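As structure tokens, the structure follows; a few thoughts come after it.
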Number of protein chains: 2
Amino acid sequence: MNLTAEQKHQRRQAAYNAALEHCPARQLLETISSKWVTLVLLELAEGPRRHSELRRRIPGASQKMLTSTLRSLERDGLVVRHLTASVPVRTDYELTPLGRALLGVVYGLKEWAEASMPAVELARLEHDQLAADVSGTSATVATIPATKWNNFSHIEP
Amino acid sequence: MNLTAEQKHQRRQAAYNAALEHCPARQLLETISSKWVTLVLLELAEGPRRHSELRRRIPGASQKMLTSTLRSLERDGLVVRHLTASVPVRTDYELTPLGRALLGVVYGLKEWAEASMPAVELARLEHDQLAADVSGTSATVATIPATKWNNFSHIEP
DNA sequence: CGGAATCCTTTCCGATACTG
DNA sequence: CAGTATCGGAAAGGATTCCG
């Protein structure tokens with residue numbers, strides 16, 4: 001059984017990816033990059049919240065995703081869940097100190113993002129404009145008013 | 001046409017998500033969280049690289065993903081592509097100043113990740129152990145030797 | 001109320017083949 | 001060498017329903 005060069009490459013590809021799984025930096029990155037994590041952290045930053053409160057404050061998340069996000073945060077020790085056995089049941093979620101530390105990282109990320117996005121958006125406009133010129137169609141570039149996302153302060157230190 | 005409470009919630013869900021798209025912090029997060037971005041940035045941190053060099057140094061990425069990662073970085077003005085029209089063609093990729101700045105953010109993330117991962121892993125072990133106790137099966141928890149990922153220094157300042 | 005289970009669509013991505 | 005094009009499987013995630 002002799003392998004083609006392409007197949008050999010795929011062997012190394014698999015091995016490399018397997019090793020990547022164990023990199024702590026990557027694991028953290030995957031945690032905070034799952035869409036709802038930051039929003040949940042931010043809401044919990046202001047105090048314990050019930051499940052239904054979170055749903056109201058983060059209406060973008062479906063019930064399924066909210067629950068699974070919370071489960072994952074709980075597993076990582078970033079959030080604790082308090083159960084009050086009454087009828088109907090009441091659950092409260094609260095940040096742990098570790099969770100608060102992660103919040104600090106997120107704020108840092110936010111600072112840099114807002115400082116850099118103007119440059120990135122400029123680059124995108126130029127890039128897309130160039131592409132439009134090459135194809136003859138001269139597509140209209142959608143311009144997003146800065147007020148739109150500026151007012152959407154879903155991450156505040 | 002009267003809507004159920006559930007349907008009203010879904011209206012807000014869509015609107016909220018549409019607004020989220022324009023948040024610069026989220027856009028940055030999505031950029032750096034796409035799996036190969038950090039690895040490419042790190043490789044380019046040491047100097048310009050050809051396409052084939054990147055493939056060798058980052059064997060985990062398929063050719064397709066490597067190209068699409070590079071295209072996206074190029075569009076955002078984080079990387080520039082130099083084409084040398086010879087036979088065969090030669091392309092070099094190089095970080096822009098903006099790209100180097102992003103690299104700084106990534107390093108910061110890495111520092112925090114390595115500092116915090118021990119606590120997170122401990123929390124996971126406890127959490128999973130508890131779950132195993134509840135179900136009678138007492139599943140064996142896979143223990144990953146720290147040396148494994150410790151040696152995998154794919155992010156170095 | 002807080003969730004788990006199911007179904008079903010959409011998106012991502014690897015594999016493969018082809019081009020200048 | 002450095003891509004592009006296309007296909008199919010796997011996985012993420014939304015909608016809906018049911019349960020304690």
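Reminder, nothing fancy here: chain letters follow the sequence lines and each chain counts from 1. Just so you know, these numbers come straight off a predicted model, no measurement behind them.
Here C:dC1 presents its C1' atom at 12 Å from CG of A:Asp92, a figure rounded to the nearest Å. When rounded to the nearest whole Å, the span between CG of A:Leu83 and P of C:dA4 equals 11 Å. Look at CZ on A:Arg12: it is 14 Å from P on C:dA15, rounded to the nearest Å. Atoms CD (B:Glu30) and P (C:dT11) sit 14 Å apart, rounded to a whole Å. We find that CD of A:Gln63 is positioned 15 Å from P of C:dT6, with the value rounded to whole Å. Between A:His51 atom NE2 and C:dG2 atom P the separation is 6 Å, expressed in whole Å. Rounded to an integer number of Å, the gap from A:Leu70 CG to C:dG2 P is 11 Å. The CZ-C1' distance, from B:Arg49 to D:dA2, rounds to 18 Å in whole Å.
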Reading nucleotides 6-14 of chain D from the 5' end, what letters show protein touch, with B for base, S for backbone sugar-phosphate only, - for no heavy atom under 4.0 Å? B------BB
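Residue contacts for B:Arg71: at a heavy-atom cut-off of 4.0 Å it reaches the sugar-phosphate backbone alone, with no base atom in range.
Judged by distance alone, with hydrogens and angles left aside, the side-chain atoms of B:Ser86 form a donor-acceptor pair with the main-chain N or O of B:Pro88 at under 3.5 Å. Listed for the A:Ser116 side chain is no donor-acceptor partner under 3.5 Å among the backbone atoms of A:Ala113. Side chain of A:Ser33 to main chain of B:Ser33: no donor-acceptor pair is present (N/O by atom type, distance under 3.5 Å, no hydrogens or angles).
The phosphate of D:dC1 (OP1 or OP2) has no side-chain N or O of B:Thr91 nearer than 4.0 angstrom. Using a 4.0 Å cut-off, no side-chain N or O of A:Arg81 falls inside it from OP1 or OP2 of C:dG2. The phosphate of C:dG2 has OP1 or OP2 within less than 4.0 Å of a side-chain N or O from A:Arg50.
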Could you walk me through whether A:Asp76 and B:Arg124 pass the salt bridge (charged side-chain N to carboxylate O under 4.0 Å, His left out) test, one step at a time? CA-CA 5 Å; A:Asp76 286 356; B:Arg124 284 181 186 170; 2.6 Å; yes
Could you go through the side-chain contact (heavy atoms from CB on, under 4.5 Å) check for B:Trp36 and B:Leu70 one step at a time? CA-CA 9 Å; B:Trp36 305 111; B:Leu70 286 166; over 6 Å; no
Does the side-chain contact (heavy atoms from CB on, under 4.5 Å) test come out yes or no for A:Tyr93 and A:Leu73, once each step is laid out? CA-CA 10 Å; A:Tyr93 294 91; A:Leu73 291 175; over 6 Å; no
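Between B:Glu74 and A:His127, the side chains place no donor N or O within less than 3.5 Å of an acceptor N or O (distance only, hydrogens not considered).
The nearest heavy atom of DNA chain C to A:Val89 and to B:Val89 marks one nucleotide each, and the one closer to the 5' end goes with A:Val89.
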